[in-house]
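Chain A is the first sequence line, chain B the second, and so forth, proteins listed ahead of strands; every chain is numbered from 1. Worth knowing before you read on, the calculation uses all heavy atoms, side chains too, and leaves out hydrogens, waters and symmetry mates.
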Amino acid sequence: MLEIAIGIIIGCCALGAGIAAIAGIGPGIGEGNAVASACEAVGRQPESRSAVTSTMLMGCAVAETTGIYALFIAIMLIFVAPNMFVNVLLRAIASVG
Amino acid sequence: MLMNDKTKFRVIDILLLAGVILPVAAAMAIKILFTPLEEGIAVHGARIFFTVPMPVQDLPITESQVNSWLLIVSIFFLCLYMTHGTKEKADTRRQHICEWIVEKTDGLVADNMGEFFMGFSPFVGAVLALSAFSSLMSLLGVYAPTSDINIIAGWAVLVFLLITYYKMKCGPLHYLKSFTEPVAVMLPMNIISEIATPVSMSFRHYGNVMSGSIISILIASALQGLSKLVLGWLPGFLGEIPFLQVGLPAVLSVYFDVFSGMLQAFIFAMLTMMYVAGAFPADDYAARQARKRKKNV
């Protein structure tokens with residue numbers, strides 16, 4: 001019984017990490033838009049290339065934040081959460097039994 | 001006097017260079033001494049060397065803290081080395097490089113923050129150098145302090161304190177009132193956005209560096225398995241060597257360690273400048289100063 005419970009915990013943590021990574025879609029589209037606009041701007045005014053590039057990198061980094069949050073959740077779910085939840089389960093069993 | 005001036009200069013130079021190199025070498029030595037032999041390629045957090053008992057909570061001394069302090073010492077000696085023998089008129093290569101760095105940092109601060117904040121230039125330069133060199137430390141094989149959230153969170157809290165200080169330039173009441181703008185209903189939202197600043201700053205930098213190192217480790221271990229599968233038939237010890245690991249991890253390291261680390265250092269410094277400059281209520285401050293002057297006269 002305990003094995004099944006631990007298996008469910010680990011499997012659900014892995015599933016959750018995978019689902020959290022779906023959030024990568026948003027920053028991907030957003031950064032793509034930003035880079036497309038930057039390319040257009042450079043095409044229109046090639047002399048402003050360096051300023052546009054640094055602004056674009058800045059904007060990309062800020063747009064990336066939500067993706068990084070999702071990544072952080074995924075990392076926590078893979079490396080930290082299983083241990084924590086299994087410990088909670090074992091403690092609950094010990095307190096009951 | 002045993003030595004003439006030139007030899008003395010050289011000797012001090014060598015001592016300062018030793019101060020630059022020795023802390024980094026010490027970090028590598030600590031890494032080699034404390035890594036267990038049987039550990040292969042594995043994803044792990046910062047290693048805890050020992051814990052100091054404290055009244056509220058035990059204080060763990062981790063790999064990232066030690067590396068961070070060693071790096072601070074190293075950068076300190078690097079600055080001393082670069083500015084050693086500075087003359088009024090630049091004639092050495094070293095001084096030209098120094099002046100270029102200072103001019104660039106000053107220009108960056110002047111462009112992004114304005115003349116009022118010129119005193120911030122050393123701070124911004126320090127943040128840039130510390131962040132960039134911390135990320136570059138992973139090139140030497142030691143644990144990069146920037147892939148531990150605690151280090152970056154410390155920097156972000158520092159920036160948060162600076163932001164709050166500059167928001168309070170017009171007095172604490174003005175600061176408290178700014179939470180209820182544009183309407184009083186926005187109070188919870190404003191408080192959340194205030195807290196979100198250091199959180200997003202630290203998570204952004206940490207997430208980028210950490211994800212880079214995790215992807216590098218995963219690919220390195222995958223290549224190890226693949227080369228065992230493909231080249232395992234080679235006789236003797238040749239079959240043990242993961243030949244496929246040559247090449248690809250190095251290319252990835254150029255992106256994840258060098259480019260990403262430099263970019264995040266630049267972005268952290270840029271955001272520091274923008275948040276601090278944006279937090280300062282310039283118009284209200286000028287009005288307040290004018291009122292004060294009128295009162296005194």
Subject >> B/Phe116 atom CZ, neighbour heavy-atom count above 12 within 6.0 Å >> reply: yes
Subject >> Per-residue contacts, residues 6-41 of chain A versus chain B, heavy atoms under 4.5 Å >> reply: none
Subject >> Where at least one partner belongs to residues 186-204 of chain B, residue pairs that pass salt bridge (charged side-chain N to carboxylate O under 4.0 Å, His left out), sequence neighbours excluded >> reply: B/Lys167-B/Glu194
Subject >> Sorted by number, residues from residues 70-79 of chain A in contact with chain B (heavy atoms, under 4.5 Å) >> reply: A/Leu71, A/Phe72, A/Ile75, A/Met76, A/Phe79
Subject >> Residue pair B/Ile267 / A/Ala61: nearest heavy atoms and the distance that separates them >> reply: CD1-CB, 2.9 Å
Subject >> Under 4.5 Å from a heavy atom of chain A, the part of B/Met274 involved >> reply: side chain
**OP:** Name the region of B/Leu271, side chain, backbone, both or neither, that has any atom closer than 4.5 Å to a heavy atom of chain A.
**Re:** both
**OP:** To the nearest 0.5 Å, tell me how far A/Ile68 CD1 sits from B/His205 NE2.
**Re:** 11.0 Å
Subject >> Contact listing (chain B partner; residues 42-58 of chain A; heavy atom under 4.5 Å) >> reply: A/Leu57, A/Met58
